[in-house]
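Just so we're clear, the structure is a prediction, and the values are computed from it rather than from any experiment. All ligand and atom numbering here is 1-based and tracks the order in the structure.
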Amino acid sequence: MKFAVLVFPGSNCDLDMYHAIKDELGEEVEYVWHDEQDLSAYDGILVPGGFSYGDYLRCGAMANQSNVMSEVKKAAEAGKPVLGVCNGFQILTEAGLLPGALLRNKKLKFMCKNVDLKVANNNTMFTNQYAQDEVISIPIAHGEGNYYCDGETLKQLQDNNQIVFTYSGENPNGSLADIAGIVNERGNVLGMMPHPERAISEVIGGAEGLALFKSIVKQWRESNVNQA
Ligand SMILES: NC(=O)CC[C@H](N)C(=O)O
């Protein structure tokens with residue numbers, strides 16, 4: 001499976017994402033600059049965290065104007081897995097690929113620590129290697145991770161099982177309904193504030209994020225390779 005890691009001016013988790021895929025997962029991966037006009041060579045798109053364009057205007061707002069984003073939309077329409085982590089999640093909401101918005105953390109402070117996450121839906125292409133309701137420890141590092149949407153949207157997310165990760169125990173940022181990660185209606189676009197790519201090896205303090213990447217590969221192999 002071949003992944004693209006998008007790179008915007010100000011991305012800073014692109015290297016972590018690349019390392020997770022290449023060295024821990026053992027799959028193909030390439031960096032893709034933000035003005036790339038063709039993502040058709042890639043099977044999965046990873047939108048990493050960071051401070052794209054210095055978080056000016058709104059986190060992710062300027063990155064959403066990049067050429068590559070029309071290709072990300074095409075990939076999403078084609079059913080390819082698209083994963084946005086942290087600033088990547090913010091970019092995907094700005095792009096309208098995911099509903100809602102990420103507001104400033106309730107305490108108005110940047111937070112950087114490990115949190116407990118509940119796998120609220122393990123029946124997705126991103127979470128099939130976790131148990132339902134499994135609690136995993138994954139780092140967060142954000143100033144604007146307070147998920148918000150209107151009541152009607154929240155009901156849709158709940159009714160369609162689109163809430164994939166919730167904060168378990170402490171809700172660090174004030175997110176509505178403890179939401180830490182959601183998928184689109186089709187289930188192939190995931191946005192999440194915590195960083196699974198920083199939890200891929202015991203050497204760096206934990207490996208509970210690795211199953212997310214393994215889930216993507218497993219699903220892709222089942223739908224692509226087995227048919228050959
Ligand atoms: N680590 C990140 O991706 C941070 C995202 C964004 N800059 C924020 O602070 O909310």
- Message: I need the atoms of ligand 1 closer than 4.0 Å to a non-hydrogen atom of Gly49, numbered in the order shown.
- Response: 3 (O)
- Query: At what distance is the nearest protein heavy atom to atom 3 (O) of ligand 1, and which residue and atom is it?
  - Reply: Gly50 N, 2.7 Å
- Item | Any N/O pair Gln90/ligand 1 closer than 3.5 Å | yes
- Query: To the nearest 0.1 Å, how far is atom 2 (C) of ligand 1 from its closest protein heavy atom, and which atom is that?
  - Reply: Cys86 SG, 2.8 Å
- Task: Provide the number and element of each atom of ligand 1 under 4.0 Å from a heavy atom of Phe51.
- Result: 7 (N), 9 (O)
- Message: Please determine whether any non-hydrogen atom of Gly145 lies less than 4.0 Å from an atom of ligand 1.
- Response: no
- For the residue pair Tyr42 and Phe3, is the inter-centroid distance of their aromatic rings smaller than 6.0 Å? no
- Look at atom 1 (N) of ligand 1 and say which protein heavy atom is nearest, naming residue and atom and giving the distance to 0.1 Å. Ala141 O, 2.8 Å
- What is the closest protein heavy atom to atom 9 (O) of ligand 1, and at what distance does it sit? Gly143 N, 2.9 Å
- Please say whether Asn12 places an N or O atom under 3.5 Å from an N or O atom belonging to ligand 1. no
- Answer yes or no: is there a donor N or O on one side and an acceptor on the other, between the side chain of Asn160 and the main chain of Glu185, under 3.5 Å? no
- Query: How does the hydrophobic cluster around Leu108 look, that is, which other residues are in it when side-chain heavy atoms under 4.5 Å mark a link?
  - Reply: none
- Message: Any donor-acceptor pair under 3.5 Å linking the side-chain atoms of Thr153 with those of Asp150?
- Response: yes
- Query: Do Tyr148 and Leu154 sit in the same hydrophobic cluster, where Ile, Leu, Val, Met, Phe, Trp and Tyr count as joined when their side-chain heavy atoms come under 4.5 Å apart?
  - Reply: no
- Task: Please write down residue, atom name and distance for the protein heavy atom closest to atom 7 (N) of ligand 1.
- Result: Asp55 OD2, 2.6 Å
- Which residue holds the protein heavy atom closest to atom 10 (O) of ligand 1, what is that atom called, and what is the gap in Å? Glu144 N, 2.9 Å
- Query: Is the shortest heavy-atom distance from the side chain of Lys113 to the side chain of Glu170 under 4.5 Å?
  - Reply: yes
- Item | Main-chain N/O of Ser215 paired to Asn128 side chain as donor or acceptor, under 3.5 Å | yes
- Heavy-atom contacts with His195 under 4.0 Å: which atoms of ligand 1 show up? List them by number with element. 1 (N)
- Remaining members of the apolar cluster that contains Phe110, side-chain heavy atoms under 4.5 Å: Phe51
